[in-house]
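For reference, the structure I am asking about is given below.
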Amino acid sequence: MASLLFSVSLMVSALVFGLVDSQIISVTNGEVEGEWGTMDTCPGGSRAVYYATRNDPNQETDFTSLNAIQLTCDNGGGSIITSTEGLIGQLGPGRGCAAGAFLSAFQLKVQPNGVDADNTAANSIRFRCTDGVELASAGNQIGVFGDYSADCVNGICGIQTRVKPDDPATDNTALNDVRFECCV
(Lines give C-alpha, C1' and ligand atoms only; values in the text may rest on other atoms or scores of the structure.)
Protein backbone atom coordinates (compact mmCIF):
# COMPACT_ATOMS: atom_id res chain seq x y z
CA MET A 1 0.00 0.00 0.00
CA ALA A 2 2.81 2.42 0.88
CA SER A 3 4.43 1.68 -2.51
CA LEU A 4 1.19 2.51 -4.33
CA LEU A 5 0.83 5.79 -2.42
CA PHE A 6 4.43 6.69 -3.24
CA SER A 7 3.83 5.99 -6.95
CA VAL A 8 0.68 8.11 -7.00
CA SER A 9 2.47 10.89 -5.11
CA LEU A 10 5.36 10.79 -7.60
CA MET A 11 2.95 11.00 -10.58
CA VAL A 12 1.09 13.94 -9.05
CA SER A 13 4.39 15.74 -8.37
CA ALA A 14 5.48 15.19 -11.97
CA LEU A 15 2.21 16.65 -13.25
CA VAL A 16 2.27 19.63 -10.88
CA PHE A 17 5.90 20.55 -11.58
CA GLY A 18 5.85 19.73 -15.31
CA LEU A 19 8.49 17.01 -14.99
CA VAL A 20 8.44 14.03 -17.33
CA ASP A 21 10.78 11.08 -17.68
CA SER A 22 9.48 8.87 -20.50
CA GLN A 23 7.60 10.79 -23.14
CA ILE A 24 7.68 13.37 -25.88
CA ILE A 25 7.75 17.04 -24.90
CA SER A 26 6.27 19.71 -27.15
CA VAL A 27 4.95 23.26 -27.07
CA THR A 28 1.54 24.61 -28.03
CA ASN A 29 2.60 27.41 -30.39
CA GLY A 30 4.20 25.36 -33.21
CA GLU A 31 2.78 25.75 -36.71
CA VAL A 32 1.19 22.99 -38.80
CA GLU A 33 2.60 23.19 -42.33
CA GLY A 34 4.86 20.42 -43.57
CA GLU A 35 5.46 16.84 -42.56
CA TRP A 36 6.98 15.34 -39.43
CA GLY A 37 10.43 13.87 -40.06
CA THR A 38 11.79 10.82 -38.31
CA MET A 39 12.81 10.90 -34.65
CA ASP A 40 16.62 10.92 -34.37
CA THR A 41 18.04 9.86 -31.01
CA CYS A 42 21.32 10.04 -29.15
CA PRO A 43 23.22 6.73 -29.26
CA GLY A 44 23.78 4.35 -26.37
CA GLY A 45 21.89 6.13 -23.60
CA SER A 46 23.65 9.46 -24.11
CA ARG A 47 21.85 12.80 -23.76
CA ALA A 48 21.80 16.13 -25.60
CA VAL A 49 24.06 18.77 -24.04
CA TYR A 50 24.45 21.36 -26.81
CA TYR A 51 22.41 22.84 -29.67
CA ALA A 52 22.98 24.86 -32.81
CA THR A 53 20.51 26.25 -35.37
CA ARG A 54 20.52 27.05 -39.07
CA ASN A 55 18.79 30.36 -39.78
CA ASP A 56 17.89 32.15 -43.00
CA PRO A 57 19.65 35.54 -42.84
CA ASN A 58 17.78 36.82 -45.93
CA GLN A 59 14.96 38.91 -44.53
CA GLU A 60 13.73 40.12 -47.91
CA THR A 61 11.41 38.02 -50.09
CA ASP A 62 10.14 34.63 -48.95
CA PHE A 63 12.12 34.51 -45.76
CA THR A 64 12.12 31.07 -44.05
CA SER A 65 13.82 31.92 -40.72
CA LEU A 66 14.62 28.81 -38.58
CA ASN A 67 15.60 25.96 -40.91
CA ALA A 68 17.27 23.32 -38.73
CA ILE A 69 18.12 22.37 -35.16
CA GLN A 70 21.09 20.16 -34.39
CA LEU A 71 21.70 18.59 -30.98
CA THR A 72 25.06 17.28 -29.78
CA CYS A 73 25.02 14.23 -27.51
CA ASP A 74 27.34 13.56 -24.57
CA ASN A 75 28.64 10.24 -25.89
CA GLY A 76 32.39 9.98 -26.41
CA GLY A 77 32.21 11.06 -30.05
CA GLY A 78 29.82 13.97 -29.58
CA SER A 79 27.25 12.59 -32.02
CA ILE A 80 25.09 15.19 -33.75
CA ILE A 81 21.42 14.39 -34.19
CA THR A 82 18.77 16.19 -36.20
CA SER A 83 15.49 15.46 -37.93
CA THR A 84 14.24 16.87 -41.24
CA GLU A 85 16.07 20.10 -42.07
CA GLY A 86 15.34 23.14 -44.19
CA LEU A 87 18.42 23.90 -46.27
CA ILE A 88 18.60 27.70 -46.32
CA GLY A 89 21.10 29.63 -44.22
CA GLN A 90 24.21 28.91 -42.23
CA LEU A 91 24.63 26.91 -39.05
CA GLY A 92 25.22 29.49 -36.35
CA PRO A 93 27.14 29.37 -33.09
CA GLY A 94 25.69 26.92 -30.63
CA ARG A 95 24.99 26.95 -26.93
CA GLY A 96 25.60 24.22 -24.38
CA CYS A 97 24.89 23.18 -20.81
CA ALA A 98 27.55 23.18 -18.09
CA ALA A 99 29.39 19.94 -17.36
CA GLY A 100 27.04 17.38 -15.83
CA ALA A 101 23.85 19.13 -17.05
CA PHE A 102 21.69 18.23 -20.08
CA LEU A 103 19.12 19.97 -22.28
CA SER A 104 15.75 19.42 -20.56
CA ALA A 105 13.05 21.84 -21.82
CA PHE A 106 12.53 24.37 -24.64
CA GLN A 107 10.61 27.39 -25.88
CA LEU A 108 9.82 28.08 -29.52
CA LYS A 109 9.57 31.59 -31.02
CA VAL A 110 6.90 31.52 -33.73
CA GLN A 111 5.28 33.94 -36.14
CA PRO A 112 1.73 32.55 -36.47
CA ASN A 113 0.46 31.83 -39.97
CA GLY A 114 -1.43 34.78 -41.49
CA VAL A 115 0.29 37.52 -39.47
CA ASP A 116 2.30 38.70 -42.47
CA ALA A 117 2.28 38.11 -46.23
CA ASP A 118 5.58 36.23 -45.79
CA ASN A 119 4.93 33.63 -43.10
CA THR A 120 8.06 32.39 -41.34
CA ALA A 121 6.63 29.92 -38.74
CA ALA A 122 9.38 28.94 -36.25
CA ASN A 123 11.99 31.68 -35.93
CA SER A 124 14.08 30.73 -32.90
CA ILE A 125 14.40 28.25 -30.05
CA ARG A 126 15.91 28.38 -26.59
CA PHE A 127 16.55 25.59 -24.12
CA ARG A 128 16.76 25.12 -20.37
CA CYS A 129 19.30 22.73 -18.88
CA THR A 130 18.73 20.24 -16.05
CA ASP A 131 20.63 22.62 -13.71
CA GLY A 132 18.01 25.34 -14.41
CA VAL A 133 20.24 27.51 -16.61
CA GLU A 134 18.49 28.98 -19.68
CA LEU A 135 20.49 29.01 -22.90
CA ALA A 136 19.91 32.18 -24.93
CA SER A 137 18.23 31.84 -28.29
CA ALA A 138 20.34 32.09 -31.40
CA GLY A 139 17.59 32.66 -33.96
CA ASN A 140 15.79 35.52 -35.61
CA GLN A 141 13.77 38.23 -33.88
CA ILE A 142 10.41 37.80 -35.63
CA GLY A 143 7.59 36.24 -33.63
CA VAL A 144 6.85 35.59 -29.97
CA PHE A 145 8.17 32.95 -27.58
CA GLY A 146 5.46 30.65 -26.27
CA ASP A 147 5.48 28.86 -22.92
CA TYR A 148 8.22 26.43 -21.99
CA SER A 149 7.60 22.73 -22.58
CA ALA A 150 7.54 20.31 -19.68
CA ASP A 151 10.98 19.33 -18.32
CA CYS A 152 12.65 16.02 -19.14
CA VAL A 153 14.07 15.11 -15.71
CA ASN A 154 16.80 12.90 -17.23
CA GLY A 155 17.48 15.16 -20.22
CA ILE A 156 16.53 15.17 -23.90
CA CYS A 157 17.57 12.18 -26.04
CA GLY A 158 15.73 12.67 -29.35
CA ILE A 159 14.49 15.29 -31.82
CA GLN A 160 11.72 15.30 -34.43
CA THR A 161 10.90 18.31 -36.64
CA ARG A 162 8.00 19.35 -38.84
CA VAL A 163 9.36 21.01 -41.99
CA LYS A 164 7.57 22.37 -45.03
CA PRO A 165 9.60 21.38 -48.12
CA ASP A 166 10.99 24.19 -50.27
CA ASP A 167 8.52 25.01 -53.07
CA PRO A 168 9.00 28.11 -55.27
CA ALA A 169 5.25 28.19 -56.01
CA THR A 170 4.24 28.71 -52.35
CA ASP A 171 5.25 30.76 -49.32
CA ASN A 172 8.12 28.81 -47.76
CA THR A 173 8.24 28.48 -43.99
CA ALA A 174 10.80 25.64 -43.50
CA LEU A 175 10.77 24.52 -39.83
CA ASN A 176 7.24 24.79 -38.39
CA ASP A 177 7.41 22.76 -35.17
CA VAL A 178 9.66 20.48 -33.12
CA ARG A 179 9.26 17.91 -30.37
CA PHE A 180 11.80 16.11 -28.24
CA GLU A 181 12.03 12.67 -26.66
CA CYS A 182 12.91 12.49 -22.98
CA CYS A 183 15.60 10.07 -21.79
CA VAL A 184 14.32 7.17 -19.73
Side-chain angles (χ1 to χ4, degrees), residues 7 10-55 66-87 91-92 94-110 121-139 145-165 173-184:
S7 294
L10 189 58
M11 286 178 19
V12 169
S13 295
L15 291 172
V16 168
F17 295 111
L19 303 174
V20 294
D21 66 358
S22 62
Q23 69 176 36
I24 304 297
I25 58 170
S26 60
V27 291
T28 59
N29 65 326
E31 282 296 312
V32 298
E33 293 186 309
E35 301 293 325
W36 285 104
T38 58
M39 177 72 71
D40 194 8
T41 57
C42 290
S46 61
R47 296 171 269 195
V49 294
Y50 183 91
Y51 83 100
T53 59
R54 179 180 300 124
N55 298 287
L66 184 58
N67 274 254
I69 303 165
Q70 294 183 347
L71 304 181
T72 303
C73 306
D74 69 343
N75 62 326
S79 296
I80 293 174
I81 61 171
T82 190
S83 186
T84 303
E85 298 181 75
L87 304 176
L91 195 62
R95 312 254 190 297
C97 299
F102 313 100
L103 299 177
S104 65
F106 75 102
Q107 276 183 305
L108 198 59
K109 182 183 258 187
V110 174
N123 282 267
S124 187
I125 190 168
R126 63 181 165 211
F127 286 88
R128 186 169 50 225
C129 300
T130 52
D131 61 3
V133 172
E134 183 178 278
L135 303 176
S137 67
F145 275 109
D147 293 332
Y148 259 101
S149 67
D151 279 285
C152 293
V153 295
N154 294 314
I156 290 172
C157 291
I159 180 172
Q160 183 178 32
T161 56
R162 174 180 272 184
V163 173
K164 181 180 178 187
T173 57
L175 201 144
N176 272 247
D177 202 358
V178 61
R179 51 191 175 201
F180 297 95
E181 182 177 7
C182 295
C183 305
V184 187

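If you're wondering where the values come from, they're calculated on a predicted model, not measured in any experiment.
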So, applying side chain to side chain contact (heavy atoms under 4.5 Å, CB included) with L71, which one of V49, I156, I80 is it?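 Passing option: I156.
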May I ask you to decide if G78's main-chain N or O and T72's side chain share a donor-acceptor pair within less than 3.5 Å?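 It does not hold such a pair.
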Quick one: salt bridge (Lys or Arg N to Asp or Glu O under 4.0 Å) pairs with a partner in residues 74-85, sequence neighbours left out?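 Found R54-E85.
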Please report the C-alpha distance between R162 and V32 in whole Å, then the side-chain angles of each, then the deciding distance to 0.1 Å, and finally whether the side-chain contact (heavy atoms from CB on, under 4.5 Å) criterion is met. CA-CA 8 Å; R162 174 180 272 184; V32 298; 3.4 Å; yes
Any chance you could measure D131, atom CG, to C97, atom SG, to the nearest 0.5 Å?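 D131 CG to C97 SG: 6.5 Å, rounded to 0.5 Å.
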Which atom of T38 lies closest to which atom of T84, heavy atoms considered: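 Looking at all heavy atoms of both residues, the shortest contact is N-OG1, 4.5 Å.
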Quick one: side chain to side chain contact (heavy atoms under 4.5 Å, CB included) partners of C157, sequence neighbours excluded?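 R47, C183.
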Non-neighbouring partners of D147 that pass side chain to side chain contact (heavy atoms under 4.5 Å, CB included), sequence neighbours left out: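 Partners of D147 by the side chain to side chain contact (heavy atoms under 4.5 Å, CB included) criterion come out as none, since no residue qualifies.
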What I'd like to find out is whether the side chain of F145 reaches to under 4.5 Å of the side chain of N29, using heavy atoms alone.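 No, too far: nothing below the 4.5 Å cut-off.
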Check whether T53 reaches the backbone of I69 with its side chain - one donor and one acceptor, N or O, closer than 3.5 Å.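 No, T53 side chain to I69 backbone: no donor-acceptor pair under 3.5 Å.
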Rounded to the nearest 0.5 Å, what's the gap from CG on L108 to CG on L66? Could you check?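 L108 atom CG to L66 atom CG measures 7.0 Å (nearest 0.5 Å).
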Does the side chain of C129 reach to within under 4.5 Å of the side chain of L135, using non-hydrogen atoms?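 Contact flag for C129/L135 side chains = yes.
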Please list, chain by chain and in numerical order, all residues satisfying side chain to side chain donor-acceptor pair (under 3.5 Å) with R95, sequence neighbours excluded.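 Partners of R95 under the side chain to side chain donor-acceptor pair (under 3.5 Å) test: none.
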With R179, which residues qualify under salt bridge (charged side-chain N to carboxylate O under 4.0 Å, His left out), at least two apart?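 R179 satisfies salt bridge (charged side-chain N to carboxylate O under 4.0 Å, His left out) with no residue once adjacent residues are dropped.
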By side chain to side chain donor-acceptor pair (under 3.5 Å) - contacts of E35 (at least two apart):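 Checked E35 against side chain to side chain donor-acceptor pair (under 3.5 Å); zero matches.
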Kindly give the heavy-atom pair with the smallest separation between F102 and G155, and that separation in Å.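 Where F102 meets G155 most closely, the heavy atoms are CB-CA, 4.0 Å.
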For the backbone of A121 and the side chain of N123, can you confirm whether one donor and one acceptor N or O come within less than 3.5 Å of each other?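 Side chain of N123 to backbone of A121, a donor-acceptor pair under 3.5 Å: yes, one is there.
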Run the side chain to side chain contact (heavy atoms under 4.5 Å, CB included) test against S83 and tell me which residues pass, sequence neighbours left out.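 For S83, the residues satisfying side chain to side chain contact (heavy atoms under 4.5 Å, CB included) (neighbours in sequence not counted) are Q160, T161.
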Residues forming a side chain to side chain donor-acceptor pair (under 3.5 Å) with N75, sequence neighbours excluded: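 For N75 the side chain to side chain donor-acceptor pair (under 3.5 Å) partners, ignoring immediate neighbours, are S79.
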Minimum heavy-atom distance A174-N67, with the two atoms named: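 A174 and N67 have their closest heavy atoms at CB-OD1, 3.5 Å.
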K164 side, atom NZ; E31 side, atom CD - distance, nearest 0.5 Å: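 Answer rounded to 0.5 Å: 11.0 Å.
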Taking ring-ring contact (aromatic ring centres under 6.0 Å, His included) as the definition, give me every residue that meets it alongside F127, ordered by chain and number, with sequence neighbours left out.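 ring-ring contact (aromatic ring centres under 6.0 Å, His included) list for F127, sorted by chain: Y51, F180.
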With sequence neighbours excluded, residues passing side chain to side chain contact (heavy atoms under 4.5 Å, CB included) with E181: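 E181 satisfies side chain to side chain contact (heavy atoms under 4.5 Å, CB included) with I24, M39, T41 only.
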Look up atom SG in C152 and atom CG in L103, then write down how far apart they are to the nearest 0.5 Å.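 Here the rounded value is 9.5 Å.
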Residues which pass side chain to side chain donor-acceptor pair (under 3.5 Å) with R128, listed by chain and number, not counting sequence neighbours: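 With sequence neighbours excluded, R128 shows a side chain to side chain donor-acceptor pair (under 3.5 Å) to D151, given in chain and number order.
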Applying side-chain contact (heavy atoms from CB on, under 4.5 Å), run through V153 and C182 and close with a yes or a no. CA-CA 8 Å; V153 295; C182 295; over 6 Å; no
